[in-house]
Structure formats: structure tokens, C-alpha cells
Participant: 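Quick one: this structure, given as C-alpha cells, is what I'll be asking you about.
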Amino acid sequence: MDERIEKPMDIFGARWKEHDKKLEENWRAVVGDEDTVIIPGDISWGLRLDEALADLDWIHNLPGKKILTKGNHDLWWMGVGKLNKLHDDMLFLQNTSVEAEEGVWICGSRGWICPGTEGFGEHDEKIYKRELLRLEFSLQEARKHGAERIIAALHYPPTNDKMQGSGFTQLLEQYGATTCIYGHLHGKEAFKNGLKGNFNGVEYKLVSLDYLECMPKLIYTEEGED
């Protein structure tokens, strides 16, 4: 049996103390087997897939259908085809999209820091442009299938800390996304650096685990957006 990589998270603050137990309890309280859960990256500390399997199995054993995108710490993420053979209730999203329920499509990519961020350089520019392409591939597929509603999942915030528009926000507006969720920001000081609310017709939501205090956030129901 694979063992989970032990890396205590409470060194990052009280909100992380026994976060896995809190999350599991809250998850089981509010998520049913027919619900879809979006997990926008930073899934396991494992460096290789065999080191991440225990964490992925832990997610698999929770209720719901899970859609996962890559985070900057997911160094084990290699070969999305192989990942998508692990469990039939988990879909790893890369360069593609998925219909969560009739007419509602989930798109996404890892993202990257945006122009205007302090220290943004030539290396960042290359990754930023590549991630824009990945997101556009995903959005294009959803539109090709006649998506009525698009929810986008990024790991990085879609703007710099000045909340200036970026290639990511432009693509979401261009393809008519209704909502964009993202993570990456941790701690009260960092929470302030993420775009929240409506920006040019798209609703932006920070869903970092510590920001949500380990409580899954309702994004959309048949009755409409949360």
C-alpha cells in the first residue's frame, strides 16, 4: 500500500491544523455522489506518481465526480492519459474540457503569474504564453460542443496583484465564461492579492483551502450561480 507523503501543513498557520480531517468531514457533509467537485491544483506533495497515489486514492474515496487541474507543486503530474486511467470518478484536465452536467462545461489550465507581477521575466513570458494556449484549447473545445455555461478552473490567479486584466481574463471574456475559480494564494495577506467578484462579466472566486476554511464551496446548481 502506498503511503502519503508526510509534510505537516500547520506550519503555515492554524487554518491548516488537521486540514485533511476537516476537509473530509465537510466534504462528506455537503457533497453527494452525483455532484461534481473541481480541484484546481496543488493536490499532492509527491514528486513522482507513485508518491502521489495515496493522496489521489484518498480523493477517489470521497463522494462525487472530481475534475482536477494541475498546480505548481504537482510535480508528479506526468502523462494525463495515464492519470485518467486511475479512477473512473476522477478526470485530469489538460488541453481539453468536460461536460459536468447538461450544458455546463468545465475548462481550465494551471495558469502562471501574469505580466505586471514583480520580477516577471523572459522565462515567465514563455510559460505564460504556453498556459494561454492550453486554456484556449480547453475553451475552444467547450464552445465546439455548444456549451451553454463555462466554468473555468485555474491554479494561479488570472491577474497580477494589481488586479489588471491579462491574457487569461481576455480569453475568459472572449469565450463567454461565466465563472473562474482559482487557488494558489495562501494566508490572509496573500488573499488580498486575488481578483474577486465580477470583472468584465466574469465572476472570479478564490477557492484556496485555507481561504475556504476546508469547506467545499458551492459554485453552481441548476438554480444558478452561488
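Bear in mind that the values here come from a model prediction, so they are computed numbers and not experimental data.
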Participant: Does Glu136 have any salt bridge (charged side-chain N to carboxylate O under 4.0 Å, His left out) partners at least two apart in sequence or in another chain, and if so, which?
Facilitator: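 None.
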Participant: Under 3.5 Å, which donor-acceptor pairs do the side chains of residues 32-41 form with other protein atoms, sequence neighbours left out?
Facilitator:
{"residue": "Asp35", "atom": "OD2", "partner": "Gly32", "partner atom": "N", "Å": "2.7"}

Participant: In terms of hydrophobic clustering (I, L, V, M, F, W, Y; side-chain heavy atoms under 4.5 Å; direct or indirect links), are Tyr175 and Leu133 co-clustered?
Facilitator: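 Per the 4.5 Å side-chain linkage, Tyr175 and Leu133 are not co-clustered.
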Participant: Could you tell me which residues satisfy side chain to side chain donor-acceptor pair (under 3.5 Å) with Trp105, sequence neighbours excluded, listed by chain and number?
Facilitator: none
Participant: Under the rule for side chain to side chain donor-acceptor pair (under 3.5 Å), what residues qualify as partners of Arg28, not counting sequence neighbours?
Facilitator: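 Arg28 satisfies side chain to side chain donor-acceptor pair (under 3.5 Å) with Glu24 only.
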Participant: Considering residues at least two apart in sequence or located in another chain, which fulfil the side-chain contact (heavy atoms from CB on, under 4.5 Å) criterion with Met90?
Facilitator: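 Per chain and number, Met90 pairs via side-chain contact (heavy atoms from CB on, under 4.5 Å) with Leu56, Ile59, His60, Lys66, Leu68, His87, Phe92.
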Participant: List the residues meeting side-chain contact (heavy atoms from CB on, under 4.5 Å) with Gln164, not counting sequence neighbours, and say none if there are none.
Facilitator: Asn160, Lys162
Participant: For Lys192, give me all partners under salt bridge (charged side-chain N to carboxylate O under 4.0 Å, His left out), at least two apart in sequence or on another chain.
Facilitator: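 Lys192 satisfies salt bridge (charged side-chain N to carboxylate O under 4.0 Å, His left out) with Glu189 only.
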Participant: Just to verify, what does Leu132 make a side-chain contact (heavy atoms from CB on, under 4.5 Å) with, not counting sequence neighbours?
Facilitator: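 For Leu132 the side-chain contact (heavy atoms from CB on, under 4.5 Å) partners, ignoring immediate neighbours, are Tyr128, Phe168, Leu171.
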Participant: For Asp161, give me all partners under side chain to side chain donor-acceptor pair (under 3.5 Å), at least two apart in sequence or on another chain.
Facilitator: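 Asp161 satisfies side chain to side chain donor-acceptor pair (under 3.5 Å) with no other residue.
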Participant: In chain order, what residues pass the side chain to side chain donor-acceptor pair (under 3.5 Å) check against Thr169, with sequence neighbours excluded?
Facilitator: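 Residues passing side chain to side chain donor-acceptor pair (under 3.5 Å) with Thr169: none at all.
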Participant: Identify, with sequence neighbours excluded, every residue that meets side-chain contact (heavy atoms from CB on, under 4.5 Å) alongside Asn72.
Facilitator: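 side-chain contact (heavy atoms from CB on, under 4.5 Å) check on Asn72 returns Asp42, His155, Tyr156, His184.
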Participant: Name all residues meeting the salt bridge (charged side-chain N to carboxylate O under 4.0 Å, His left out) criterion together with Glu148; count only those two or more places apart in sequence or in a different chain, and write none if there are none.
Facilitator: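 For Glu148 there are no salt bridge (charged side-chain N to carboxylate O under 4.0 Å, His left out) partners, ignoring immediate neighbours.
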